[in-house]
Every structure is written in C-alpha cells, then in structure tokens.
Amino acid sequence: YRTRRPGTSGKLTNRKAMLPNQPVIILVEPQLAENVGMTARAMMNCGLYHLRLVNPREDHLSPKAVAASSGADKILRNAEIYASVEAAVADLQQIYATTARRRDMIKPVETADFAAAQITEAQQTSIKCGILFGPERTGLHNDDVCLADAIIEIPLNPEHCSLNLSQAVLLVGYEWYKRQINPPQARLVTNKTTPADKEKVLQFLKHFEAKLDNCGNFRIEEKRERMIINLRNIFIRNQLTEQELNTLYGIINYLNSR
C-alpha cells in the first residue's frame, strides 16, 4: 500500500506490494470511527483490501474503530489518508461515485451490478478503479461527484432509501465479489452422502408401492395410475440421497411390522 498524511509534501512511499488489481474504496470525510471500522469489516467480507480515507473526523485506528472492524483491523492499519478527494483519486483511471440523490449533471447512472461488471472488465486491462462514498450525514458533495466517470445508484424503497456507510460499501462490494468467485446459482449440499441414482430411487418406489398395495391403499383401480405418478413425482423432484432412501426404507419397514 501507499500512504499519505495530511499536510505532507504529497510524496508516496511503498508499504507493501499491492494486492491483485481491485477497486479502491474511498471514504470521503467519514464522521464516526465505528463506521470506518464496520466498513473495513464489510470490505473484508467481499475480499476488498484497499481503503482510502479523505479527512476522517475521528481516528480510524481508535479502539472503537478496531472493535467495529471485527477482525478486519489490518485494513484499517493499511488505510491511506488523503487531504482531498483530488489527491485520493489522482492515480486512478476510472472513478464511480455512490449517491442516492439525483444530481444536476450529465453522467451515466448505473446499478451496483452493472458497475461491478465494468470494474471487473477494467481489471483485465489493469485499469485502476475507485469507488467514492460520502459522509454519513450529507453524502458526497457535487464537487466530488463531478470527478467520477459514473454514478452508482442502489435502487431501494423510495420511502426510505438511506443506508449506513458500511451497508452501502457491503452492497456495492458484494456485487463486485460475486463476479470474482462466480458462485453457482444453487446447489444441493449432501454432506457425507451422495444423491441416489434413478435406479435406486425407482427400486424404493416399487417397494413403497408394493407395501401400499398390500395395505389396500389402491382400492379404486382407475385411480391407481394417477396416484402412483403423483407419489413418484413427490419423491423424484426432491433429489433424494442414499442416506434418505435408507431412512425411508427403515420407516416403511417399521410401520409395516406394527
């Protein structure tokens, strides 16, 4: 990381090698140390490690901030401090400003998901991106927003669209993070068992149907076929595992012995 302290000559010094190209989170004049700490926590949740602070009102390394970071204090320790937004974005090539208020400016307004796609694409060509978040009470000033290439707007309930600073960072960061890990939309967690193949499922169903036959469940012959199809659909659509089949066999055999 690089660090700059207010009032210095502006010379930058290396502190550690930069992590793989990812967006820089820039908090402009954050007011509460706890919010900075919670922002660090949200960033680490999403695999984001580059934090820049512009004129923070409180010490970002205070006990309150460290406690609120919930283990993400290394992000606080490596944060860069800047005296102005212009200085904080000077080495970046693509800037996004987060705001819930429409501005009297001609700029693209994007969802966090769309912006995350653009940032991910920019990463492939080593373009350095930054995302601006304004003070808790007022949000970004127009002078800050005008430095951005685009605005990120998070669609929320118009009756109450106010977000805590760390919540906003988490929402935007999560959209970026999803594109880095490419998670499956859904999956079946089977733990130590495996999904049963169709042969075993059909063997179980035939066993079940035979037991139902023996107890006189299929009394009306013309309804038999439809009842069997309905029963098979119940079990087949639920992706039974081998462990679950064994459990069902045990239940049926127990009931049959009563």
Side-chain angles (χ1 to χ4, degrees), residues 20 22-23 38 41-48 70-72 98 100 108-124 152-164 166-258:
Q22 57 175 240
M38 288 189 289
R41 178 180 183 177
M43 290 175 61
M44 186 167 278
N45 287 154
C46 300
L48 294 166
S70 190
T98 59
V109 178
E110 305 170 357
T111 64
D113 179 58
F114 188 85
Q118 287 190 323
I119 292 171
T120 300
E121 184 178 348
Q123 288 173 220
Q124 311 309 315
I152 294 178
E153 186 178 81
I154 301 171
L156 295 170
N157 177 8
E159 292 184 9
H160 191 72
C161 58
S162 174
L163 286 173
N164 174 273
S166 61
Q167 291 175 323
V169 172
L170 181 62
L171 285 173
V172 175
Y174 180 60
E175 293 296 344
W176 174 83
Y177 186 62
K178 284 194 301 184
R179 292 182 175 273
Q180 314 313 304
I181 61 173
N182 193 27
Q185 294 299 306
R187 66 187 189 280
L188 177 66
V189 178
T190 59
N191 296 318
K192 295 182 179 180
T193 186
T194 57
D197 58 42
K198 288 294 183 276
E199 181 181 7
K200 290 180 180 178
V201 174
L202 289 173
Q203 285 176 350
F204 162 74
L205 288 171
K206 290 174 183 177
H207 175 75
F208 185 30
E209 291 155 11
K211 297 295 183 183
L212 291 174
D213 244 338
N214 292 339
C215 70
N217 185 74
F218 302 120
R219 293 188 299 273
I220 304 174
E221 186 61 31
E222 57 266 27
K223 293 185 178 180
R224 176 191 176 89
E225 182 179 356
R226 172 52 56 187
M227 291 178 69
I228 288 177
I229 289 174
N230 287 342
L231 282 172
R232 292 191 172 195
N233 279 329
I234 289 171
F235 288 100
I236 288 176
R237 72 168 177 258
N238 281 290
Q239 296 180 283
L240 294 172
T241 66
E242 293 189 359
Q243 179 181 323
E244 289 168 335
L245 281 183
N246 291 334
T247 299
L248 288 170
Y249 271 120
I251 292 171
I252 292 169
N253 291 335
Y254 173 77
L255 292 174
N256 194 60
S257 68
R258 302 295 289 174

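Residue numbers count from 1 along this sequence. Remember, it's a predicted structure, so these values are computed and weren't measured experimentally.
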Using a cut-off of 6.0 Å, state whether more than 12 heavy atoms not belonging to [X] lie near its atom [atom1].
X      : atom1 : value
Lys178 : NZ    : yes
Gln243 : CD    : no
Phe235 : CZ    : yes

Hey, are Asn164 and Ser166 close enough side-chain-wise for a donor-acceptor pair under 3.5 Å?
yes
Are Thr120 and Gln180 close enough that a side-chain donor and a side-chain acceptor fall under 3.5 Å?
yes
Is the shortest side-chain N to carboxylate O distance from Arg224 to Asp213 below 4.0 Å?
yes
Using a strict 4.0 Å threshold on nitrogen-to-oxygen distance, state whether Arg179 and Asp113 make a salt bridge.
yes
Arg41 backbone acceptor or donor facing Ser70 side chain under 3.5 Å:
no
Hey, does the side chain of Glu153 reach the backbone of Ala112 with a donor-acceptor pair shorter than 3.5 angstrom?
no
Within a strict 4.5 Å, meaning less than it, do heavy atoms of the [X] and [Y] side chains meet?
X      : Y      : value
Leu205 : Leu231 : no
Leu240 : Lys200 : no
Leu202 : Arg232 : yes
Phe218 : Lys223 : no

Just do the side-chain contact (heavy atoms from CB on, under 4.5 Å) check on Gln22 and Ile119 with the steps written out, would you?
CA-CA 8 Å; Gln22 57 175 240; Ile119 292 171; over 6 Å; no
To the nearest 0.5 angstrom, please state how far the [atom1] atom of [X] sits from the [atom2] atom of [Y].
X      : Y      : atom1 : atom2 : value
Leu48  : Leu170 : CG    : CG    : 10.0 Å
Lys211 : Ile252 : NZ    : CD1   : 8.5 Å
Asn246 : Thr241 : CG    : OG1   : 8.5 Å
Gln123 : Gln118 : CD    : CD    : 12.5 Å
Leu156 : Leu163 : CG    : CG    : 5.0 Å
Leu212 : His207 : CG    : NE2   : 10.0 Å

Before we go on, tell me: are the rings of Tyr249 and Phe208 under 6.0 Å apart, centre to centre?
no
Could you tell me which non-hydrogen atom of Ile152 sits nearest to which non-hydrogen atom of Thr111, and how far apart they are?
CG2-C, 4.3 Å
Using every non-hydrogen atom in the two residues, find where Cys46 and Tyr177 come nearest and quote the distance to one decimal.
O-CD1, 3.0 Å
What pairs with Thr98 under side-chain hydrogen bond (donor to acceptor under 3.5 Å, both in side chains), at least two apart in sequence or on another chain?
none
